[in-house]
Amino acid sequence: MEDTALKDYRNIGIIAHIDAGKTTTTERILFYTGVIHKMGNIDEGNTTMDWMEQEQERGITITAANTTCFWKNKKINIIDTPGHVDFTIEVERSLKVLDGAVVVLCGTSGVQPQTETVWRQADRYGVPRVAFVNKLDRLGANFERVLGDIHERLGANAAAIQLPDGYEDSFKGIMDIIEEKYYVYKDDQGKQIDTLPIPEDFKKKVKEARHILIERLSDADDEIMGKFLEEKDITASEIKAGIRRAVIKNAFLPVLCGTSLRNKGVQLVLDAVCDYLPSPLDVPPIKGIDPSTREELIRETDPNAPLSALVFKIATDPYVGKLFYTRIYSGTLNSGSQVYNSTEETKERISKIVLMHANKQEIVQKASAGEIVALVGLKDSKTGSTLCDQDKKILLENMRIPEPVVSMAIEPKTKADQDKLGLTLKKFLDEDPSLRVKYDEETAQTIISGMGELHLEIIIDRMKREFNLETNIGRPEVAYKETITKKVTGIVGKFISQSGGRGQYGHVVIDVEPAEEKGKGVVFVNKIKGGSIPREFIPAVEKGIKSASLNGILAGYPATDFTVTLVDGSYHEVDSSELSFQLAAKYALKEALDKGRSIFLEPIMDIELSCPEDFMGTVIGDLNTRRAKITNLGTRGKIKTARCEVPLAEMFNYVNAIRSLTQGRAAFSMEPAYYAEVPKYIADKIIGEKQGALTKKVNR
């Protein structure tokens, strides 16, 4: 590994909506930095970063791929992330460990729903960003409109640092507002660039854009503001330094332009990454807690500091086994050394350290603070595990895992493969924390749950290809939930059993009320005073509540979003046990759900679609039959757009429906928005189907 100073590291992600050009941009970056010598094409399925068969066949990114390149003496670790909402966990865990990001936007479509999602994810982790408006060679491209979208829909303090000369087929070159230079690309590969003065026709436009840039930058940087208010000349180097300071503190978004497919503007994106995005030294040092005392700890970004590292992704390699993708925040890892996993409280030995180049590996002997590497040989580590020194323990914050919205039953085609199914699913669960698996006792089925139809489809396909496991699957089902609608108090739960010898005695009294803030799950509050229930039995009560909430009273779906307060109870000196209080709590919650008027909730999806004007009426009519609520209608060039909220249950196989309605000329994207009450007639139907399935099972 080449020794690079920490100040010259850049750990960045390429993030965007699906089909904005992330993978093509990354492919060009690798070409211009000399990592590859021939550019791949998504349509031909031969890009470096989309290495999985499923990615090449579908032309989409499924898994976040990692690689390293060098540009202007800077070492750039790049993660190319998926744009499809079904694989949002890949973006979530990548942003958790990155120092900066390039947001790619389509020059025609502008800010799209998944752009907003990844923007919010980057906000959550405080990741500094630069924006690249791509595809300006496409029909209907408009840089100014996209810039307006960034202000309105993302609420960003953004300004152009470049302007395009022309659009579509007449896209000629790029004007640098800061340096006041004009770049013209002379060859198809984008390697021969002429640097010219700004053409006379554009001087006024560039001057206005420069004024807007300085004005917006002065809102984010005090030094620039001082000079701006005093009306002093601000040099190009001062503007660049101001942009860097403002970007690092997440107060400004510089916007670049180009077209990756036509090889124009990508080198300037690399320059912006080096000039404006932070090194590991520019971001705040990582915070964690002492596992023993729960006190906050800070680890400075220093190879000589105590070790702190986060396992953010696990992948299975057919030759070396599991690869544990790890961001090192402080300290140094050595091949063959022993580390402590503070999340699982176990010791781990690192047999090998590798630098990843998509699916290829380069073995290295050590890795230090600021690096993103993959480790081989770990046994107990999972996604989100903290690795540290045995005598300097620290526990880093885990990552946020989204809730699944779609489920389906799965079984092996032959009984002989039953054990193989369990082992295969365990491997996928290790890799993908957004996948869930449970066994339904009532229907004797294994249920897998994920972020969408495509997510589960890819899992099934990988089982067949990678593990030679043929499966039968049920139709996708919506992940419904239950919740109560009114507060109930004084609900009594008792479990008393006397059948010779020692008996069982548990008695609890609970209050249950709907949660004020949705999405918090089941909250348990203990208000026992005076020892009516001994302290050692309180955890058993909570366990009983949580266990009972997994199967609601309407149709066995999980009950959520309510607060349970334990207010009273009693115990027996001899007969009380953890089991008796657990069962008493279960009975109490079931009664509370009944008396609290439990209702069904269903996931509502935020849909954005675009299609030619001729088909818009038909598309809207079809959406109305799917219980859609239209929230916005708009126009982008010659294309009509619609934004609406639709229940997920109505959107299965929508991709085929909209193709047939619009002769394949429409595009849409959707992402989870919130949970809402299911209309009574549909709730009755769901309950009937569930009861029918149980009756069939009993009759067997």
Side-chain angles (χ1 to χ4, degrees), residues 1 9-15 26 48-52 55 61-69 75-82 87-101 121 125 127 280 286 307-333 335 339 341 343-344 348-364 366-388 396-401 427-435 462:
M1 189 190 297
Y9 273 76
R10 299 290 183 271
N11 292 316
I12 67 160
I14 310 289
I15 61 174
T26 310
T48 306
M49 302 301 264
D50 284 354
W51 55 270
M52 287 173 66
E55 292 177 315
T61 302
I62 291 168
T63 181
N66 193 74
T67 193
T68 303
C69 60
K75 180 176 183 177
I76 307 174
N77 288 319
I78 301 174
I79 298 182
D80 175 31
T81 65
F87 311 108
T88 191
I89 182 64
E90 294 288 337
V91 186
E92 187 81 28
R93 57 185 169 192
S94 299
L95 287 172
K96 170 80 176 166
V97 300
L98 290 169
D99 300 327
Q121 288 172 306
Y125 294 117
V127 178
I286 193 70
L307 176 69
S308 64
L310 184 74
V311 176
F312 66 94
K313 176 178 171 170
I314 298 173
T316 304
D317 182 275
Y319 304 108
V320 300
K322 281 186 184 175
L323 290 164
F324 297 82
Y325 286 74
T326 304
R327 165 69 193 261
I328 307 170
Y329 290 103
S330 64
T332 301
L333 278 174
S335 187
V339 295
N341 180 335
T343 310
E344 304 298 324
E348 296 270 35
R349 185 165 295 282
I350 298 162
S351 58
K352 196 159 57 170
I353 302 173
V354 294
L355 276 181
M356 296 303 297
H357 299 287
N359 61 331
K360 297 181 175 61
Q361 297 145 24
E362 176 193 337
I363 298 174
V364 295
K366 68 171 187 174
S368 300
E371 290 276 12
I372 294 175
V373 294
L375 308 178
V376 180
L378 306 183
K379 295 284 186 288
D380 300 310
S381 293
K382 298 181 173 66
T383 299
S385 288
T386 299
L387 303 179
C388 59
L396 304 178
E397 182 193 24
N398 209 325
M399 57 195 69
R400 176 181 168 275
I401 309 297
K427 286 179 181 173
F428 283 120
L429 286 170
D430 286 343
E431 282 186 28
D432 184 353
S434 65
L435 179 71
R462 286 184 62 195

Asn398 and Lys96 have their tightest heavy-atom pair at O-NZ, 3.6 Å
Of all heavy-atom pairs linking Ile314 and Val311, the shortest is CG1-CG1, 4.3 Å
Closest non-hydrogen contact found for Leu310 with Gly384 is CD1-O, 3.6 Å
Tyr9 and Gly370 have their tightest heavy-atom pair at CD2-O, 3.8 Å
| Within 6.0 Å of NZ in Lys322, more than 12 heavy atoms from elsewhere | yes
| said: What I'd like to find out is whether the side chain of Glu92 reaches to under 4.5 Å of the side chain of Ser434, using heavy atoms alone. | reply: no
_Residues Val373, Leu355; criterion side chain to side chain contact (heavy atoms under 4.5 Å, CB included); working and verdict_ = CA-CA 5 Å; Val373 294; Leu355 276 181; 4.0 Å; yes
Please examine the side chains of Ile363 and Lys352, heavy atoms only from C-beta on, and report whether any two atoms are closer than 4.5 Å.
-> yes
Are any of the side-chain heavy atoms of Met356 and Leu323 separated by less than 4.5 Å?
yes
Side-chain contact, heavy-atom cut-off 4.5 Å: Leu375 with Ile353? yes
message: Within the 4.5 Å heavy-atom criterion, are Leu98 and Tyr125 side-chain neighbours or not?
response: no
Margin query: What verdict does the side chain to side chain contact (heavy atoms under 4.5 Å, CB included) test give for Lys379 and Asn341, after you've listed the backbone C-alpha separation in whole Å, the side-chain angles of each residue and the deciding distance to 0.1 Å?
Written below: CA-CA 10 Å; Lys379 295 284 186 288; Asn341 180 335; over 6 Å; no
Heavy-atom nearest pair, Pro280 first then Arg327, reads CB-NH2, 3.9 Å
With a 4.5 Å limit on heavy-atom distance, are the side chains of Ile15 and Ile79 in contact?
no
Of all heavy-atom pairs linking Ile286 and Ser308, the shortest is CG2-OG, 3.7 Å
One should read off an interatomic distance between Leu435 CG and Phe428 CZ, to the nearest 0.5 angstrom, of 8.5 Å
Do the non-hydrogen side-chain atoms of Arg462 and Lys427 ever get within less than 4.5 Å of each other? no
**Asked** Does Val97 reach the side chain of Tyr329, with side-chain heavy atoms less than 4.5 Å apart?
**Response** yes
Under 3.5 Å donor-acceptor, Ser351 side chain and Val376 backbone: yes
- Query: If only atom types and distance count, is the side chain of Thr386 paired as donor or acceptor with the main-chain N or O of Leu396 below 3.5 Å?
  - Reply: yes
Cationic N near anionic O, under 4.0 Å, Glu371 to Lys366: no
Are any side-chain N or O atoms of Thr383 and backbone N or O atoms of Lys313, one a donor and one an acceptor, separated by less than 3.5 Å? no
Task: Side-chain (Asp380) to main-chain (Glu348) donor-acceptor, under 3.5 angstrom - done: no
Evaluation steps, side chain to side chain contact (heavy atoms under 4.5 Å, CB included), between Phe312 and Ile372: CA-CA 10 Å; Phe312 66 94; Ile372 294 175; 3.9 Å; yes
One should read off an interatomic distance between Arg10 CZ and Asp99 CG, to the nearest 0.5 angstrom, of 9.0 Å
